[in-house]
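Right, one structure below, let's go through it.
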Amino acid sequence: MLAAFPLGNSAEAQGSYAYTGVASCAGSTCHGRSEGNGAVVRQDEIATWQSPFNVSGAHSRAYAVLAGRRGQQIAQSLGWADATSRSECLGCHATFVPASDRGPRFQITDGVGCESCHGPAAGWLASHYEVGASHSANLARGMIALDQPQNRARLCLDCHYGSARQGQFVTHAMMAAGHPRISFELDLFSSFQQHHDADADYIARKGRTDNVQLWAVGQAEAVARATDLFTRADLASEGLFPQFTFFDCHSCHRAITDGAERRLTFEVNPGRPLTFGQPPFNDENIIMLDAVASALAPARAESFRSASRAFHAAMNRGREPAVAAATALRAEAQRLSDTLAARSYGGNDAFAVIAIIGGEATRPRFTDYAGSAQAVMAVDTLLNALVAQGRITVGAAASIRADINRAYSAVRSPESYRPADFRAALGSAVGAIGRLR
């Protein structure tokens with residue numbers, strides 16, 4: 001099942017089904033207008049969700065890509081007749097719920113529909129637009145509280161990192177067959193899929209979203225999810241080998257050449273006390289959360305840093321100590337998530353995190369493609385937050401774009417990744433942002 005929530009009241013309200021389908025939201029007086037000119041909500045949310053080319057329409061296209069050329073190739077390599085009928089795919093490429101929970105207008109071909117994120121609508125569909133309806137009443141009837149950063153992160157991570165439920169875990173075999181590498185950053189992904197305006201009435205109903213908090217909590221929840229899945233015996237291996245989906249792809253998948261002199265394609269990372277040549281756990285979110293903790297939760301920073309180093313070191317000793325260390329690291333990440341979700345945020349928080357990401361202690365850790373891509377997304381996201389807060393002008397931010405674009409260029413693809421160029425570009429961008437503080 002795609003979303004993790006109890007069906008409870010919503011299933012009981014209908015007596016037979018909980019999920020009503022995208023069509024139940026698409027009326028012209030609801031969310032199906034061609035123009036976003038509604039008084040309370042935009043009312044063109046379906047049009048945004050259905051965009052055929054923009055990233056905002058990716059959820060609606062999720063099922064269709066299973067039948068496309070790449071989807072067919074992946075299925076063929078894995079020995080499947082058709083990806084569109086496989087639960088391993090439908091868990092994330094559709095609102096995948098039991099047939100008994102599907103109403104007459106529900107169609108699995110709609111892909112990742114409204115209820116994948118907002119929850120089964122049978123309990124609240126008829127009441128959420130009534131006069132006097134409230135957000136709290138909608139939540140009581142089964143709507144998911146996406147305005148709460150931890151809830152949003154955990155739901156998005158189900159597909160954008162993985163979960164232990166059926167069809168929500170991308171294995172190394174799937175990636176070997178052609179599935180894209182999994183990566184996650186909550187604030188950026190949220191902005192891609194934002195179908196609403198955070199205007200006055202939205203703030204009155206749900207409160208103001210803080211982009212720094214959303215990004216920070218997303219990093220903590222990503223580390224908690226990754227380490228939780230790593231500890232699960234049923235996900236730990238594929239046959240003889242460990243489940244390589246947890247590890248940094250590009251530590252192994254690099255050019256191998258033979259010549260008179262060796263050609264090193266591996267840089268020692270100061271955050272990973274690993275035996276040389278040992279495949280490293282993919283620590284892109286761990287690096288970011290280390291920076292978050294230092295800036296926004298300093299009382300917890302050393303505990304998290306110690307747990308993360310112990311986790312990497314345990315990889316040298318075997319599966320059992322690695323699982324124990326992962327469990328301890330997950331606990332530290334969850335404590336950070338709770339702290340970050342509860343704290344208040346001020347104007348200097350984004351500046352502080354950016355300075356640490358690009359500072360002398362953190363920058364040397366960007367030796368790998370995945371962590372570097374996460375870092376430039378973070379700086380970009382936090383710079384946008386500073387503009388939204390009015391702390392940096394649009395013009396000043398534009399002047400920094402050249403350095404950010406150079407950093408993006410260095411991580412445009414794994415094959416062309418240039419660690420030294422990336423670190424230089426990131427450092428220049430972070431220095432320029434710091435001078436605007």
Side-chain angles (χ1 to χ4, degrees), residues 1-33 38 40-50 57-64 84-85 87 89-148 150-159 163 165-168 190 193-196 201-202 205-206:
M1 190 176 294
L2 185 58
F5 44 77
L7 298 184
N9 295 339
S10 48
E12 293 167 7
Q14 288 292 325
S16 58
Y17 63 85
Y19 291 81
T20 63
V22 172
S24 65
C25 307
S28 60
T29 59
C30 300
H31 299 289
R33 289 187 185 181
V40 179
V41 297
R42 291 180 55 84
Q43 295 189 264
D44 65 344
E45 292 80 9
I46 297 294
T48 305
W49 171 80
Q50 284 182 324
H59 282 167
S60 68
R61 302 191 296 268
Y63 179 89
T84 63
S85 63
S87 61
C89 305
L90 293 173
C92 285
H93 284 263
T95 304
F96 187 50
V97 296
S100 59
D101 282 331
R102 304 175 188 178
R105 306 182 78 184
F106 180 97
Q107 296 191 57
I108 200 163
T109 55
D110 283 334
V112 180
C114 314
E115 291 164 295
S116 289
C117 301
H118 295 286
W124 49 264
L125 183 67
S127 59
H128 82 290
Y129 54 80
E130 292 176 348
V131 174
S134 68
H135 184 52
S136 58
N138 294 334
L139 299 181
R141 296 185 178 107
M143 182 180 281
I144 296 176
L146 295 178
D147 54 302
Q148 300 301 310
Q150 288 177 303
N151 289 347
R152 187 188 301 192
R154 291 164 188 169
L155 184 139
C156 295
L157 281 163
D158 285 348
C159 287
S163 87
R165 289 186 296 278
Q166 177 67 45
Q168 292 189 329
S190 294
Q193 297 301 321
Q194 184 167 304
H195 304 333
H196 64 273
D201 64 81
Y202 177 92
R205 285 181 288 119
K206 300 182 181 181

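As the structure is a prediction and not an experimental result, all values here were calculated from the model.
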Check [X] against [Y] and note the closest heavy-atom contact, atom names and distance.
X      : Y      : answer
Cys114 : Ile46  : SG-CD1, 4.1 Å
Ser127 : Ala133 : O-CB, 3.3 Å
Leu125 : Ser24  : CD2-CB, 3.8 Å
Cys117 : Leu155 : O-CD1, 3.7 Å

Got a salt bridge between Asp201 and Arg205, using NZ or NE/NH1/NH2 to carboxylate O under 4.0 Å?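 A salt bridge is present here (some side-chain N lies under 4.0 Å from a carboxylate O).
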
Assess, by modelled atom type and distance only, whether the side chains of His195 and Asp44 contain a donor and an acceptor separated by less than 3.5 Å.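 There is no such pair between these side chains.
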
Hydrogens and angles aside, do Ser60 and Gln50 bring a side-chain donor and acceptor to less than 3.5 Å of each other?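 Result is no, nothing qualifies.
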
Would you give the length of the straight line joining atom [atom1] of [X] to atom [atom2] of [Y], rounded to the nearest 0.5 angstrom?
X      : Y      : atom1 : atom2 : result
His118 : Cys25  : NE2   : SG    : 8.5 Å
Leu90  : Gln166 : CG    : CD    : 9.5 Å
Arg152 : Ser190 : CZ    : OG    : 4.0 Å
Tyr19  : Phe96  : OH    : CZ    : 12.0 Å
Ile108 : Tyr63  : CD1   : OH    : 7.0 Å
Leu146 : His135 : CG    : NE2   : 8.0 Å

For [X], enumerate each residue passing the side-chain contact (heavy atoms from CB on, under 4.5 Å) test, keeping only those at least two apart in sequence or located in another chain.
X      : result
Ser136 : Ser134
Cys30  : none
Gln148 : Ala145, Asn151

Side chain to side chain contact (heavy atoms under 4.5 Å, CB included) between Asp158 and Arg165, intermediate numbers included: CA-CA 9 Å; Asp158 285 348; Arg165 289 186 296 278; 2.6 Å; yes

If we ignore hydrogens and angles and just use 3.5 Å, is the side chain of [X] paired with the main-chain N or O of [Y] as donor and acceptor?
X      : Y      : value
Glu115 : Val22  : no
Gln168 : Cys92  : no
Arg102 : Tyr17  : no
Thr95  : Gly113 : yes

4.5 Å side-chain heavy-atom contact, Trp49 and Asp110: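 With C-beta onward as the side chain, the pair touches.
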
Report yes if some heavy atom in the side chain of Trp124 is under 4.5 Å from a heavy atom in the side chain of Leu139; otherwise report no.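 Trp124 vs Leu139: side chains apart.
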
Indicate the ring-plane relationship of His128 and His31, choosing parallel, tilted or perpendicular according to the 30° and 60° boundaries.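 Ring orientation, 0 to 90° scale: parallel.
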
